[in-house]
Each structure stands twice: as C-alpha cells, then as structure tokens.
Amino acid sequence: MQKRLATANDIPTLVALRKRQLMDEGESVPSDHYLVNYFTASMTDGSLAVWVMEEQGEIIATGGVCFYALPPTYRNPTGRTAYVTNMYTENQYRRRGIATELLHAAIAEAKARGYGAVRLHASEDGKSIYRKAGFMNTDGYMAMMI
C-alpha cells in the first residue's frame, strides 16, 4: 500500500468515497456538484489537505484535514483550528491500521502549519481510533490539543 497526497485528478474518487462515508453514517448525501466544488476550491486554496491510500493503483482509503479560524478562546488564543475530515476506508481494508496512518498524517500537517488544536466528529466505528491517538470528548466534538 502507498500513501500520498490527493491531487485534483483524485476528486471523482474523493467524491465517491465521501458519499459512501455519509451513507454509512446514515447521513443524507449532497449532490456531486457540491462535493466537486468543495474539493476543488479547498484543495486549490490550501484549506484542505487530503491523503489517499492506494492498493495496486486504486484508492482504498482517504483522510484529510481542513484549516479554519474560530474566535479566539483561552485554550486556543489564535482561534486557528484544524478539523479532521473524510476519514474513510473501504470495508475490506478496515482494521489494518490504514485510518490510523492517515490520521497521523493529518495531525502532522496541522503541527507543521502551526495549529494548536485539532477537532473532529467521530462515527461510532471511528471513536476508538481517535481515542488511541489522544483525542477526548469536548463540547460535542472529539478534540486533541497539540
């Protein structure tokens, strides 16, 4: 397996995996148009970094982190926040450490960019991975201070 940063050429696959993730979580799925626009704009402006894991040239997992600012707080005086998103692994590849590797890439990117907080929403299936990485439940989010 090979991990790499996603490119614009990967957007159709990122859209497909995002839709599968939302369906697995029981969420409504937005139209492809909105998803394509999101990935295109945010990957272009650098507010989203996405990694993919490939097996024999096929993307089998994805994980990303988007960057934004919230109003400053005592715990996060800059307000700069990284949000882990689009963590999805195809069923047949789960429980092999792939999501953990993608999560560590997202955390490393947040650290490299100087972000002091990482947040996420976790599915029931994903909570154990995030807890093992050091995330805690806070205000409806799971979060980890770095």
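Starting from 1, each residue takes its place in the sequence as its number. The basis for the numbers below is simple: all heavy atoms, side chains too, and nothing from hydrogens, waters or symmetry mates.
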### Task
Find out whether Ile60 and Glu54 are in side-chain contact, i.e. whether some heavy atom of one side chain is under 4.5 Å from a heavy atom of the other.
no

### Message
Restricting to non-hydrogen atoms, name the atom on Lys19 and the atom on Asp32 that form the minimum distance, rounded to 0.1 Å.
### Response
NZ-OD1, 2.7 Å

### Query
Do Ile98 and Ile107 belong to the same hydrophobic cluster, where Ile, Leu, Val, Met, Phe, Trp and Tyr are linked whenever their side-chain heavy atoms lie under 4.5 Å apart, directly or via other members?
yes

### Query
Less than 4.5 Å apart, any side-chain heavy atom of Val52 and any of Lys3?
no

## Note on the structure
Between Phe67 and Tyr115 the two heavy atoms that sit nearest each other are CB-OH, 3.3 Å

### Cluster overlap Ile59 with Val15, hydrophobic side-chain contacts below 4.5 Å
yes

### Query
Would a distance-only check, ignoring hydrogens and angles, find a side-chain to backbone donor-acceptor pair under 3.5 Å from Thr81 to Val118?
no

#### Entry: Euclidean distance, Asn37 CG relative to Ser42 OG, rounded to 0.5 Å
10.0 Å

### Query
Run the side chain to side chain contact (heavy atoms under 4.5 Å, CB included) check on Trp51 and His104 step by step: do they pass?
CA-CA 11 Å; Trp51 291 264; His104 287 297; over 6 Å; no

### Query
Closest heavy-atom contact between Ala106 and Gly64?
CB-O, 4.2 Å

### Query
If we ignore angles and hydrogens, is there a donor and acceptor under 3.5 Å between the side chains of Asp45 and Ser47?
yes

### Query
Are any of the side-chain heavy atoms of Leu103 and Val84 separated by less than 4.5 Å?
yes

### Heavy-atom pair with the smallest gap, counting every atom of Thr89 and Ala61
OG1-CB, 3.6 Å

#### Entry: Side-chain heavy-atom pair Met23, Glu27 within 4.5 angstrom cut-off
no

### Message
I'd like to know if Arg20 pairs up with Glu90 as an ion pair, taking the criterion as any Lys NZ or Arg NE/NH1/NH2 lying under 4.0 Å from an Asp or Glu carboxylate oxygen.
### Response
yes

### Message
So for atom CD, which belongs to Glu58, do other residues, nucleotides or ligands contribute more than 12 heavy atoms lying within a distance under 6.0 Å?
### Response
no

### Query
Below 4.5 Å, heavy atoms only, C-beta onward: do Asn86 and Phe39 meet side chain to side chain?
yes

### Query
Going by heavy atoms in the side chains, are Leu14 and Tyr38 under 4.5 Å from each other?
no

### Query
Ignoring hydrogens and geometry, is there a side-chain-to-backbone donor-acceptor pair from Asn76 to Arg80 under 3.5 Å?
yes

### Task
Output the distance between atom CD1 (Ile129) and atom CD (Glu101), rounded to the nearest 0.5 Å.
12.5 Å

### Query
Applying the 4.5 Å side-chain criterion to the ILVMFWY set and letting contacts propagate, would Leu17 and Leu102 be lumped into a single cluster?
no

### Query
So if you build clusters from Ile, Leu, Val, Met, Phe, Trp, Tyr with side-chain heavy-atom gaps below 4.5 Å, do Met1 and Leu5 land together?
yes

### Query
Is the shortest heavy-atom distance from the side chain of His121 to the side chain of Tyr130 under 4.5 Å?
no

### Message
Quick one, Met53 with Thr62, criterion side chain to side chain contact (heavy atoms under 4.5 Å, CB included). Give me CA distance, side-chain angles, the key distance, then yes/no.
### Response
CA-CA 6 Å; Met53 191 70 77; Thr62 182; over 6 Å; no

### Query
Which heavy atom of Thr44 sits nearest a heavy atom of Thr40, and at what distance?
OG1-O, 2.6 Å

### Distance, nearest 0.5 Å, that separates OH of Tyr88 from CG of Leu22
10.5 Å

### Query
Would you say Tyr93 has more than 12 foreign heavy atoms packed within less than 6.0 Å of its OH?
yes

## Note on the structure
Taken to the nearest 0.5 Å, the spacing of Met87 CE from Ser123 OG works out to 10.0 Å

### Query
Given Thr85 and Leu120, is the side chain to side chain contact (heavy atoms under 4.5 Å, CB included) satisfied, shown in steps?
CA-CA 7 Å; Thr85 188; Leu120 58 86; over 6 Å; no

#### Entry: Carboxylate-amine/guanidinium proximity below 4.0 Å for Arg4 and Asp10
yes

### Task
List the atom of Met43, the atom of Ala6, and the distance in Å for their closest heavy-atom pair.
CE-O, 3.6 Å

### Task
Using a 4.5 Å cut-off on heavy atoms from C-beta on, say whether the side chain of Lys132 contacts that of Thr100.
no

### Task
Mark yes when over 12 heavy atoms from residues, nucleotides or ligands other than Lys111 sit less than 6.0 Å from its NZ; otherwise mark no.
no

#### Entry: NZ/NE/NH1/NH2 to OD/OE distance under 4.0 Å, Arg94 and Asp24
yes

